[in-house]
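The basis for the numbers below is simple: all heavy atoms, side chains too, and nothing from hydrogens, waters or symmetry mates.
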Amino acid sequence: MAKEITTRQEDYSRWYTDIVNKAELAENSAVRGCMVIKPYGYAIWEFMQEALDKMFKATGHVNAYFPLFIPKSFFSKEASHVEGFAKECAVVTHYRLMKNPEGPGIVVDPEAKLEEELIVRPTSETIIWDTYRNWIKSYRDLPILCNQWANVVRWEMRTRLFLRTAEFLWQEGHTAHATREEAMAEAEKMLGVYADFAEKYMAVPVIRGIKSANERFAGAVETFCIEAMMQDGKALQAGTSHFLGQNFAKAFDVKFLNKENKLEYVWATSWGVSTRLMGALIMAHSDDNGLVLPPKVAPIEVVIVPIYKTDDQQQNVLDYCAKMKERLEAKGLRVKFDDRDTQKPGFKFAEWEMKGVPVRLAAGPRDVENGTVEIARRDTLTKQVISEQEMEEHIIGLLDDIQNSLYNRALEYRKANTHRVDTWDEFKNVVENGGFAYAHWDGTTETELAIKEATKATLRCIPLDDDLEDGTDPFSGKPSKRRVIFAKAY
RNA sequence: CGGGAUGUAGCGCAGCCCGGUAGCGCGCUUCGUUCGGGACGAAGAGGCCGCAAGUUCGAAUCUUGUCAUCCCGACCA
């Protein structure tokens with residue numbers, strides 16, 4: 001069996017690729033930059049979707065669906081928005097193919113040229129705001145709180161499975177409000193939802209923050225984000241929530257009559273998380289043996305592997321395991337009974353470990369005789385033998401414990417690799433070795449860009465729940481009122 | 001788009017300099033022995049050597065062209 005995974009130490013990025021491949025999460029497709037999400041990977045995404053969708057609905061949002069194609073002219077309506085996306089758009093120019101008149105194969109029918117090109121959405125603000133114009137006339141029509149689950153296309157030069165692909169799946173919330181305050185509160189609320197989701201479900205601790213003007217979303221007035229630290233000390237932007245001001249309302253002429261009977265532009269937000277979260281999940285917890293999943297997003301929480309030699313043993317052991325499965329399912333657990341007779345136990349152990357199943361049960365003739373079962377946890381790779389009578393209780397406690405300890409482990413790691421730095425040498429050192437540099441910043445884009453040029457580190461965010469503190473920017477020497485986070489990022 | 005490289009079995013690669021019936025590892029199939037941490041042995045199946053033209057009695061190998069992909073830069077959720 002040559003199923004070795006490259007170690008993190010050896011080559012972190014090959015380790016990541018190995019995990020994605022060997023845990024059968026996704027693979028590259030025949031289309032450059034686009035991935036095939038395989039059933040096991042998609043199942044994890046479905047769990048994330050389901051949890052997020054519930055949270056959106058609990059905060060008053062509803063789902064809708066807008067077109068994949070956006071007329072080119074829509075894009076030019078919001079100036080900074082076009083600029084931000086123009087360089088990475090897929091464009092539809094024709095609508096028909098024909099037999100090649102000069103040889104074999106098929107060619108684009110030159111007669112079938114579209115009058116106006118269509119852009120495959122890189123994000124949906126424009127088409128949605130064009131639609132909202134018709135929906136909004138009065139303050140009574142507000143707020144509109146819509147979300148859509150969709151795929152989008154951004155023609156990236158260099159792609160990596162889940163982290164950056166030309167096509168990706170995501171959700172995008174687009175809300176319309178009567179006042180600035182309400183829209184701002186919405187943007188902040190959704191950032192909170194994302195942070196809760198990342199921490200409670202994915203067990204990934206995040207820093208809530210604001211993006212600098214330079215890193216802000218194209219068309220936004222303020223961009224809020226959650227930033228996570230991966231095991232190589234690099235930052236991963238896990239979600240963003242934008243306060244769009246009246247930019248899109250003005251661009252698409254969306255006005256409403258307020259209570260004073262005055263025409264006013266609508267206030268907007270948009271917010272999204274994507275399949276990139278899968279990348280965060282993988283990189284935050286996994287080890288050199290494969291994927292490690294937090295129970296709350298694991299498609300399989302418990303896998304049962306039977307062990308036997310003879311036919312007699314096989315029957316007894318399979319019956320024994322089937323009963324355990326039933327009992328666990330009765331408790332609402334997601335259980336896989338791996339009764340394949342085509343693979344051996346050792347192979348199965350390795351395979352489920354690779355796929356990150358949190359808890360594994362193994363039972364053989366010895367256990368049938370003694371009324372016991374071997375229980376192994378994926379996060380610590382430890383195992384023990386327990387009495388099958390106390391199995392349910394034990395496993396439920398264990399799953400909880402795994403969820404918590406994964407979060408704590410990730411949090412400890414982030415703390416250990418976040419450093420307050422006050423001098424330029426310290427700054428370079430931290431950023432170079434992988435980690436968050438918690439440093440003063442003079443607030444200028446000029447300094448931010450110069451630091452990026454010098455170290456490849458970007459300003460990840462200005463942390464939200466942070467006290468102000470006077471200091472000096474280690475790069476420019478100018479005064480600063482607060483610390484921000486610089487790091488290399490994905 | 002600048003710099004570098006690679007296209008040979010499902011995957012990973014050797015063969016190419018020095019032309020002569022296409023090879024290895026993994027995976028796959030069958031049989032036997034195994035089965036409490038990725039089993040072992042034996043026998044099999046699987047190829048337009050990226051594509052096209054040229055040189056030659058003969059091309060995976062030499063020449064020219066072409067297409068595609070990957071890596072390093074610039075750009076990015």
Side-chain angles (χ1 to χ4, degrees), chain A residues 1-6 11 13-14 17-18 21-22 27-33 83-89 103-104 121-123 151-160 162-172 194 211 214-218 220 223 225-228 235-242 270-280 289-290 305-311 313-314 317 340-355 360-370 372-376 381-383 385 452-453 456 458 460 489-490:
Chain A
M1 278 288 182
K3 287 233 174 169
E4 293 299 306
I5 292 171
T6 309
D11 185 340
S13 94
R14 265 185 62 192
T17 311
D18 283 353
N21 284 324
K22 300 205 162 131
E27 62 190 30
N28 278 309
S29 70
V31 186
R32 198 197 78 99
E83 210 181 306
F85 288 101
K87 282 179 283 184
E88 50 186 36
C89 284
R121 64 181 166 216
T123 179
N151 58 340
V152 288
V153 170
R154 298 182 189 175
W155 213 261
E156 296 291 347
M157 295 311 243
R158 302 185 58 188
T159 59
R160 290 186 71 191
F162 292 120
L163 295 174
R164 173 163 295 111
T165 46
E167 179 194 17
F168 56 93
L169 305 184
W170 78 345
Q171 61 63 221
E172 44 181 328
Y194 288 158
K211 284 290 185 192
N214 177 56
E215 298 273 336
R216 197 177 283 151
F217 175 74
T223 289
C225 64
I226 51 173
E227 294 284 329
L236 183 77
Q237 178 176 307
T240 48
S241 179
H242 316 289
S270 70
W271 28 273
V273 294
S274 70
T275 34
R276 181 180 241 202
L277 286 179
M278 293 284 293
N289 295 305
V305 177
I307 298 162
Y308 51 80
K309 284 187 206 172
T310 65
D311 288 355
Q313 287 174 346
Q314 175 172 1
V317 170
R340 286 177 294 176
D341 196 29
T342 52
Q343 314 293 347
K344 301 190 332 179
F347 180 94
K348 293 176 183 176
F349 291 170
E351 179 169 297
W352 294 114
E353 217 158 82
M354 202 119 65
K355 292 194 160 189
R360 183 190 71 226
L361 299 180
R366 250 175 8 224
D367 297 293
V368 175
E369 198 173 316
N370 303 334
T372 56
V373 60
E374 182 191 84
I375 179 164
L381 293 168
T382 51
K383 44 191 182 183
V385 175
K452 184 178 177 184
E453 177 73 25
K456 288 190 176 165
T458 50
R460 298 321 304 156
Y490 278 95

Could you check whether [X] gets within reach of a base, just the sugar-phosphate, or nothing at all, counting any heavy atom under 4.0 Å?
{"X": "A:Phe168", "answer": "base"}
{"X": "A:Arg160", "answer": "nothing"}
{"X": "A:Lys383", "answer": "base"}
{"X": "A:Thr165", "answer": "base"}
{"X": "A:Gln237", "answer": "sugar-phosphate"}

Practice item. Kindly say whether, by distance alone, the side chain of A:Lys344 makes a donor-acceptor pair under 3.5 Å with the base of B:G36? Key: no

Point to revise | Polar side-chain contact A:Glu353-B:G37 base: donor and acceptor under 3.5 Å | key: yes

Between [atom2] of [N] and [atom1] of [X], the distance in whole Å:
{"X": "A:His242", "N": "B:A77", "atom1": "NE2", "atom2": "C1'", "value": "9 Å"}
{"X": "A:Asp341", "N": "B:U34", "atom1": "CG", "atom2": "P", "value": "15 Å"}
{"X": "A:Glu88", "N": "B:C1", "atom1": "CD", "atom2": "C1'", "value": "16 Å"}
{"X": "A:Glu453", "N": "B:G73", "atom1": "CD", "atom2": "P", "value": "14 Å"}
{"X": "A:Asn370", "N": "B:G36", "atom1": "CG", "atom2": "C1'", "value": "13 Å"}
{"X": "A:Leu381", "N": "B:G38", "atom1": "CG", "atom2": "P", "value": "15 Å"}
{"X": "A:Asp311", "N": "B:U34", "atom1": "CG", "atom2": "P", "value": "13 Å"}
{"X": "A:Trp271", "N": "B:A77", "atom1": "CH2", "atom2": "P", "value": "20 Å"}

Check your understanding: Under a 4.0 Å N-O cut-off, is there an ion pair linking A:Lys211 with A:Glu227?
Key -> yes

**Study point:** Charged N-O contact under 4.0 Å between A:Glu215 and A:Lys452
**Key:** no

Exercise for review: Name the closest nucleotide to the A:Arg276 side chain, picking from B:G37, B:A77, B:G73.
Suggested key: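 Ranking B:G37, B:A77, B:G73 by closest atom to the A:Arg276 side chain puts B:A77 first.
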
Can you tell me how far [atom1] in [N] sits from the matching atom in [M], rounded to whole Å?
{"N": "B:A59", "M": "B:A45", "atom1": "P", "value": "27 Å"}
{"N": "B:G7", "M": "B:C31", "atom1": "P", "value": "39 Å"}
{"N": "B:C62", "M": "B:G20", "atom1": "C1'", "value": "15 Å"}
{"N": "B:C49", "M": "B:A60", "atom1": "P", "value": "7 Å"}
{"N": "B:A9", "M": "B:C24", "atom1": "C1'", "value": "12 Å"}
{"N": "B:C57", "M": "B:G50", "atom1": "C1'", "value": "27 Å"}
{"N": "B:A52", "M": "B:A42", "atom1": "P", "value": "40 Å"}
{"N": "B:C11", "M": "B:C1", "atom1": "C1'", "value": "33 Å"}

**Study point:** Complement of B:C28, any strand, by Watson-Crick or G-U distances under 3.5 angstrom
**Key:**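 B:G44 is the nucleotide pairing with B:C28.
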
Exercise for review: Report the residue (A:Arg164 or A:Pro365) whose heavy-atom-nearest nucleotide on RNA chain B is the more 5′ of the two.
Suggested key: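 Its nearest nucleotide lies further toward 5', so the answer is A:Pro365.
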
Review point. Mapping A:Arg154 and A:Gly33 onto RNA chain B by nearest heavy atom, which one lands closer to the 5' end?
Key: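 It is A:Gly33, whose closest nucleotide lies nearer the 5' terminus.
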
Practice item. Give the intermediate values and the outcome of side-chain contact (heavy atoms from CB on, under 4.5 Å) for residues A:Arg360 and A:Glu353. Key: CA-CA 9 Å; A:Arg360 183 190 71 226; A:Glu353 217 158 82; 3.7 Å; yes

Point to revise | CA sep, side-chain torsions, deciding dist, call: A:Ile226, A:Val273, side-chain contact (heavy atoms from CB on, under 4.5 Å) | key: CA-CA 10 Å; A:Ile226 51 173; A:Val273 294; 5.6 Å; no

Review point. Is it true that the side chains of A:Thr123 and A:Arg121 contain a donor and an acceptor less than 3.5 Å apart?
Key: no

Review point. Please walk me through it: do A:Val368 and A:Gln313 pass side-chain contact (heavy atoms from CB on, under 4.5 Å)?
Key: CA-CA 9 Å; A:Val368 175; A:Gln313 287 174 346; over 6 Å; no

Check your understanding: So, do A:Arg154 and A:Phe168 sit near enough that their side-chain heavy atoms are less than 4.5 Å apart?
Key -> yes

